[in-house]
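Structure, as C-alpha cells:
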Amino acid sequence: TLSFFSGGENGDLFFEYSDINFNGTIHHYDGVDLNAVPLPPDTQFSFYSNEFNGNHYFVAFDINFNSSLYEYNGVTAVPVSLPANLEFNFYVTTYNDDMYISLFDNTTFDSYLYQYDGVNFFEVPTPAGLTFNNFIADFNGLMYLSYFDNATFDNQFFVYDGTTLNLVSG
C-alpha cells in the first residue's frame with residue numbers, strides 16, 4: 001500500500017509503500033515506470049534524502065535500527081561506505097559542488113559535519129567541546145552553521161567558506 005510521498009528531484013519521484021506489518025520499501029517513479037528500489041534483505045526504507053551528481057540518496061535501517069546512507073543510480077542501490085563508527089544523521093546541503101551531511105558517532109553520541117565529493121568523506125573540523133547541530137543558510141557564497149556546546153547547552157553560530165570555520169557569535 002502506498003504510505004506517502006517521500007521526495008524527489010529533476011523529474012524523479014520516490015514513494016514509500018508498506019505491507020500489512022508496516023515493512024517499508026521505496027519505489028522510484030521516473031515519469032513512465034514505477035519500480036521498487038532493490039534493497040538488501042532485512043533492510044527497511046526510511047526516507048528520501050537528496051539528489052547529488054545525478055544519483056539519488058536515501059536512508060534505510062537494518063534490523064538493529066542502524067541507519068545507512070544508500071546511493072541509487074536508477075538501477076541499483078548500494079550503501080555508501082561511511083567512516084568507521086559513524087551513522088548517517090541527516091543531509092545538510094550541497095555547497096561548492098560537494099554534498100555535506102551530518103554523521104552521528106555511535107561511541108561519543110556527537111554529530112559531525114562531513115563533506116562528500118561522491119567518493120571520499122572529509123570531516124569539517126569541529127571546534128573543541130562542540131558538536132555539529134544544524135545548517136542555517138548558504139548566503140553570499142558562505143555556509144552558516146550552528147554548533148552545540150554540550151557543557152553549556154548553548155548554540156554557537158559559525159561561518160564556513162569551504163576551508164575555514166570561523167565563529168560569528170557564541
Side-chain angles (χ1 to χ4, degrees), residues 2-19 22-30 34-126 130-138 143-148 158 160 162-163 165:
L2 175 65
S3 296
F4 63 89
F5 171 68
S6 185
E9 298 167 76
N10 301 325
D12 292 285
L13 302 176
F14 292 87
F15 298 90
E16 181 178 350
Y17 281 75
S18 297
D19 64 16
F22 300 102
N23 296 314
T25 58
I26 181 117
H27 285 67
H28 172 223
Y29 180 67
D30 62 7
L34 178 68
N35 295 305
V37 173
L39 292 175
D42 296 323
T43 303
Q44 291 290 314
F45 167 70
S46 175
F47 58 88
Y48 177 79
S49 179
N50 62 293
E51 185 273 334
F52 176 69
N53 284 347
N55 292 314
H56 297 277
Y57 291 82
F58 61 90
V59 179
F61 290 96
D62 65 17
I63 59 173
N64 297 315
F65 299 105
N66 296 311
S67 64
S68 296
L69 181 65
Y70 280 80
E71 180 182 85
Y72 177 65
N73 64 9
V75 178
T76 58
V78 295
V80 174
S81 180
L82 300 175
N85 296 320
L86 298 177
E87 279 188 43
F88 180 79
N89 196 14
F90 60 90
Y91 168 74
V92 175
T93 191
T94 299
Y95 173 75
N96 288 345
D97 299 322
D98 287 326
M99 181 168 66
Y100 286 80
I101 62 174
S102 173
L103 298 178
F104 179 76
D105 187 315
N106 287 324
T107 54
T108 65
F109 306 110
D110 289 327
S111 294
Y112 300 94
L113 180 63
Y114 274 80
Q115 174 185 357
Y116 181 60
D117 63 7
V119 177
N120 299 300
F121 284 94
F122 307 96
E123 184 179 355
V124 174
T126 300
L130 302 180
T131 186
F132 177 71
N133 187 30
N134 208 356
F135 169 74
I136 297 170
D138 178 347
M143 234 184 351
Y144 291 87
L145 308 165
S146 168
Y147 282 80
F148 185 73
F158 284 82
Y160 183 65
T163 306
L165 186 68

Restricting to non-hydrogen atoms, name the atom on [X] and the atom on [Y] that form the minimum distance, rounded to 0.1 Å.
| X | Y | answer |
| --- | --- | --- |
| N50 | M99 | ND2-SD, 3.0 Å |
| T43 | A60 | CG2-CB, 3.4 Å |
| L103 | L82 | CD2-CD2, 4.0 Å |

For [X], check ring pair (Phe, Tyr, Trp, His ring centres under 6.0 Å) against everything at least two apart and list the hits.
| X | result |
| --- | --- |
| Y144 | F157 |
| F121 | Y116 |
| F88 | none |

(request) Take F58 and L39 through the test side chain to side chain contact (heavy atoms under 4.5 Å, CB included) and record every step on the way to the result. (result) CA-CA 11 Å; F58 61 90; L39 292 175; 3.6 Å; yes
Side chain of [X], backbone of [Y]: donor and acceptor closer than 3.5 Å?
| X | Y | result |
| --- | --- | --- |
| S111 | N133 | no |
| D62 | N64 | yes |
| E87 | F104 | no |

To the nearest 0.5 Å, how far apart are [atom1] in [X] and [atom2] in [Y]?
| X | Y | atom1 | atom2 | answer |
| --- | --- | --- | --- | --- |
| T126 | D110 | OG1 | CG | 8.5 Å |
| N53 | D98 | CG | CG | 8.5 Å |
| Y29 | N35 | OH | CG | 11.0 Å |

Any heavy-atom pair between the side chains of [Y] and [X] that's under 4.5 Å?
| X | Y | value |
| --- | --- | --- |
| L145 | L165 | yes |
| Y114 | V92 | no |
| Y70 | V37 | no |
| V59 | Y91 | no |
| Y100 | Y160 | yes |

(request) With Y147 as reference, evaluate L113, N134, T131 under the side-chain contact (heavy atoms from CB on, under 4.5 Å) test and give the passing residue. (result) L113
side-chain contact (heavy atoms from CB on, under 4.5 Å) involving [X] - partner list, sequence neighbours excluded:
| X | value |
| --- | --- |
| D138 | Y95, F135 |
| D105 | L86, T107, T108, Y112 |
| D12 | F14, H28, D30, H56 |

(message) Which label fits Y57 and F52: parallel for a plane angle under 30°, tilted from 30 to 60°, or perpendicular past 60°?
(response) tilted
